[in-house]
Amino acid sequence: MKKKSLVLAGLIVCLAFSACSSGKSEGTKGDDKAAEDTQQTEADAGSEEEGQEEADAANGEESEAAEDTQDESDKKDEAGDGEEADGGEEADNEEEEQKEETVYNIGETAALKDWEITVTDMKIAESIAADYGSFSPNDEGNKYVQVFVTATNNGKQAEDFLPIVGMGDDVNAKVVFGDGYEFVSTNLLGYGNDMHGSKVNPLSSQSGEIAFEVPEAVHASEDELQIHFLAGNDVIKFKIR
């Protein structure tokens, strides 16, 4: 009987030890499984963060590229606008320069406001004969530059050519010698061919003379001589020598 009790006690001890070992093994497996799940979760979270960072970086690069493209486009547009503006200004300046640089010759016709003016001839004269007597220069040694012109009024009302008292767009004339020496016209009062104060009807023409008293340095020289007709800001030039 005592022997059976010992055997039974041994079996109970073995079963208890086996149960403990099994519990520990299952606990260890459970812990390992939990650790693996945690690592997997962390790995997945890391992958998602990396993926999001890469996506954000890609989006940032695309945004920067788009901004750069827009900036370049804006710069090109601004440059294009600037070039167009510069081109327009240059064209206007060239046109103005061409107008200023155009010098007509005797026999040619040029437009000035509502007028068309033709210089037909030029003479150097010591005096100018009139119906009664003659006109002579005021200063000794001076002579007249006598310019023959035809003026056509294309306006819609009668206008004075070379009015005695000029205003606004009224036409006046001067002779320019050499390096910019200017001489005003001389009004030969009572002389029928003098163009000063000539009233010209619309679509009509009148021919006559304009006299300029000049010193010997001018009339004896061979340097270029021009006559300029001015009206407001406009001017036309004729080379008369």
Novice: Please name all residues satisfying side chain to side chain contact (heavy atoms under 4.5 Å, CB included) with K113, sequence neighbours left out, ordered by chain then number.
Specialist: D169, A231, D234
Novice: What pairs with S127 under side-chain hydrogen bond (donor to acceptor under 3.5 Å, both in side chains), at least two apart in sequence or on another chain?
Specialist: none
Novice: Counting neighbours of CG on N105 that are heavy atoms of other residues, nucleotides or ligands and sit closer than 6.0 Å, is the number greater than 12?
Specialist: yes
Novice: Kindly work out whether a path of hydrophobic side-chain contacts (I/L/V/M/F/W/Y, heavy atoms less than 4.5 Å apart) joins M122 to Y104.
Specialist: yes
Novice: Tell me whether the rings of F161 and F229 are parallel (<30°), tilted (30 to 60°) or perpendicular (>60°).
Specialist: tilted
Novice: Applying side-chain hydrogen bond (donor to acceptor under 3.5 Å, both in side chains), name anything that partners E224, two or more places apart in sequence or on another chain.
Specialist: Q226
Novice: Run the side-chain hydrogen bond (donor to acceptor under 3.5 Å, both in side chains) test against Q206 and tell me which residues pass, sequence neighbours left out.
Specialist: S198
Novice: Between I106, I210, T150, which is the residue that forms a side chain to side chain contact (heavy atoms under 4.5 Å, CB included) with V119?
Specialist: I106
Novice: Once salt bridge (charged side-chain N to carboxylate O under 4.0 Å, His left out) is applied, what residue pairs with a partner in residues 124-151 remain, sequence neighbours excluded?
Specialist: E126-K143
Novice: Would you please name every residue forming a side-chain hydrogen bond (donor to acceptor under 3.5 Å, both in side chains) with H196, sequence neighbours left out?
Specialist: S185, D194
Novice: How close do Y144 and L188 get, counting heavy atoms only, and between which atoms?
Specialist: OH-CD2, 4.2 Å
Novice: Of the options V145, I227, L225, which is the one that meets R241 in a side chain to side chain contact (heavy atoms under 4.5 Å, CB included)?
Specialist: L225
